[in-house]
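Below: one structure, written as structure tokens.
Please read these numbers as outputs of a predicted model, since none were measured by experiment.
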There are 2 protein chains.
Amino acid sequence: MRQRINQIKKELHAQGYKLTPQREATLTVLLEREEDHLSAEEVFLLVKEKAPEIGLATVYRTLDLLTELGIVDKINFGDGVARYDLRKEGIDHFHHHLVCMECGSVEEIIEDLLVDVEKIVEEKWQFRVKDHRLTFHGVCKNCQEAALKSRKKVKID
Amino acid sequence: MRQRINQIKKELHAQGYKLTPQREATLTVLLEREEDHLSAEEVFLLVKEKAPEIGLATVYRTLDLLTELGIVDKINFGDGVARYDLRKEGIDHFHHHLVCMECGSVEEIIEDLLVDVEKIVEEKWQFRVKDHRLTFHGVCKNCQEAALKSRKKVKID
DNA sequence: TTTTAATTTGATAAAAATTCGCAAAAAAAT
DNA sequence: ATTTTTTTGCGAATTTTTATCAAATTAAAA
Ligand SMILES: [Zn+2]
Ligand SMILES: [Zn+2]
Ligand SMILES: [Zn+2]
Ligand SMILES: [Zn+2]
């Protein structure tokens with residue numbers, strides 16, 4: 001984690017920015033909650049626990065900056081808030097998401113399933129692909145099993 | 001177009017809703033601007049030209065309703081507004097988008113490029129896919145050509 | 001056709017999310 | 001030590017979306 005922050009510190013310096021305590025606290029939160037998909041407000045509340053004097057605007061600014069530098073990705077799952085997602089280490093594409101319509105859980109697919117599709121898009125549509133967003137909406141494994149169980153239960157009753 | 005609206009009218013009635021003049025005006029705008037990706041505000045302004053007495057809230061409600069019924073899809077390209085996209089006739093999946101990072105244009109890919117990918121997701125992740133959102137960010141054909149020309153120009157200068 | 005009930009609407013207020021403006025603080029450069 | 005640049009915190013302002021509610025419209029019942 002220290003290592004990861006240092007790496008980012010370098011990237012910031014390379015672009016003429018500094019790693020202020022506020023930025024470091026924000027990064028720490030993002031790293032600690034890497035599995036989650038936090039909104040700016042949620043990041044703010046978590047950062048406040050470490051650095052109570054921080055302002056919401058600073059969090060927004062930091063998240064913007066990190067997005068600019070490609071350290072985090074901004075994504076919107078359809079509930080009017082932007083969520084921020086740290087890029088996986090050593091992975092250069094934005095990973096995919098599985099959003100469960102029943103329980104709201106968000107699962108991640110790290111491996112790139114779009115390599116072939118992108119090739120087609122580049123060739124057939126003459127579009128130079130730089131980035132992608134792929135989200136599947138459906139029913140997660142848990143909820144499928146739950147539905148199965150409750151259906152059985154109804155049959156017994 | 002009349003035909004298309006009548007079809008939707010039936011779908012509305014099937015769910016116990018009526019096709020009010022306001023809803024029809026909204027639908028007409030969506031049909032007339034099928035290529036575009038309008039925000040609620042933009043739809044509102046266009047509908048107002050036909051039905052000046054309509055209120056913004058009604059447009060929001062209508063778009064919500066149409067989304068609910070699967071007649072339009074709601075999507076967010078990352079600029080804080082939701083956009084509404086009429087489903088293509090006879091196509092049961094949400095089409096894909098190519099967003100140009102230079103000029104902001106949005107191109108559509110109607111054919112489903114995700115059939116294989118979805119099969120993998122269903123099998124390997126045990127996730128029942130109901131819907132998807134796929135957006136590529138990159139450089140459109142036009143902007144690629146423009147860049148090429150201006151580069152040549154620089155070389156000559 | 002009148003009466004009644006249910007749905008839909010427009011206007012406005014309220015809420016939620018994000019950005020802006022600016023003076024103060026911190027850091028870097030001179 | 002002084003000046004310049006960057007960053008911050010705060011509150012106000014903006015933008016987008018939702019909620020409220022009485023009035024209007026439409027459908028159903030009598
Ligand atoms: Zn993610
Ligand atoms: Zn689930
Ligand atoms: Zn579209
Ligand atoms: Zn372009």
Protein-nucleic acid N or O pairs under 3.5 Å, nucleotides 5-9 of chain C:
from, atom 1, to, atom 2, distance (Å)
C:dT8, OP1, B:K18, N, 3.4
C:dT8, OP1, B:R23, NH1, 3.1
C:dT9, OP1, B:T20, OG1, 2.5
C:dT9, O3', B:Q22, NE2, 3.0

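Side-chain atoms of A:E102 never come within 3.5 Å of backbone atoms of A:C140 as a donor-acceptor pair (strictly under, hydrogens ignored).
In this entry the distance linking CG of A:L56 with P of C:dA16 reads 14 Å, nearest Å. Atom CZ of A:F44 and atom P of C:dA17 are 13 Å apart (whole Å).
A side-chain donor-acceptor contact under 3.5 Å links B:E11 and B:Q7. Judged purely by distance below 3.5 Å, without hydrogens or angles, the side chains of B:T58 and B:R61 pair a donor atom with an acceptor atom.
Residues A:L19 and A:L27 meet the side-chain proximity criterion, which asks for heavy atoms closer than 4.5 Å. Within the 4.5 Å cutoff, no side-chain heavy atoms of A:E41 are placed close to those of A:V81. Looking at B:T26 and B:F44, their side chains never come closer than 4.5 Å, going by heavy atoms from C-beta outward. By the 4.5 Å heavy-atom criterion applied to side chains, A:I54 and A:K48 are counted as neighbours. Between A:L38 and A:V29, some side-chain heavy-atom pair lies under the 4.5 Å cut-off. Side-chain atoms of B:T28 and B:I5, non-hydrogen and from C-beta on, do get closer than 4.5 Å to each other. Proximity of B:L114 to A:L114: side-chain heavy atoms (C-beta onward) are separated by under 4.5 Å at one or more points. Using a 4.5 Å cut-off on side-chain heavy atoms (C-beta onward), B:K9 and B:E24 make no contact.
For B:K74, the salt bridge (Lys or Arg N to Asp or Glu O under 4.0 Å) test picks out no residue, with sequence neighbours left out. Residues satisfying the side chain to side chain donor-acceptor pair (under 3.5 Å) test with A:E107, not counting sequence neighbours, are none. In this view, B:K130 satisfies the side chain to side chain donor-acceptor pair (under 3.5 Å) rule with no residue, not counting sequence neighbours.
Within residues 80-87 of chain A, the residues that place at least one heavy atom under 4.0 Å from DNA chain C are, in residue-number order, A:G80, A:V81, A:A82. If you check residues 28-38 of chain A against DNA chain D, you find no residue with a heavy atom closer than 4.0 Å. Within a heavy-atom distance below 4.0 Å of DNA chain D, no residue of residues 67-79 of chain A is found.
Where DNA chain D meets chain A (any atom under 4.0 Å from a heavy atom), the bounding nucleotides read 5' to 3' are D:dT6 to D:dC10.
The side chain to side chain donor-acceptor pair (under 3.5 Å) analysis of residues 79-90 of chain A, with sequence neighbours excluded, yields the pairs A:H37-A:D85, A:E42-A:R83, A:D73-A:R87, A:D79-A:R83, A:D85-A:H95, A:D85-A:H97, A:K88-A:E108. For residues 111-121 of chain A, the set of pairs meeting the side chain to side chain donor-acceptor pair (under 3.5 Å) definition, not counting sequence neighbours, comprises A:E111-B:K124, A:E118-A:H132.
Residue A:Y60 has a polar side-chain atom (N or O) positioned under 4.0 Å from OP1 or OP2 of C:dT18.
With the end axes of the helix from C:dT1-D:dA30 to C:dT30-D:dA1 each set by five pairs, the angle from one to the other reads 20° at 10° resolution.
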Enumerate donor-acceptor pairs with a distance under 3.5 Å from any side-chain N or O in residues 64-71 of chain B to protein atoms, sequence neighbours excluded.
from, atom 1, to, atom 2, distance (Å)
B:T67, OG1, B:L63, O, 2.7

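Heavy-atom nearest nucleotides on DNA chain D were determined for B:H13 and for A:P52, and the one closer to the 5' end corresponds to A:P52.
Nearest heavy-atom pair across A:N76 and A:A82 is ND2-N, 4.3 Å.
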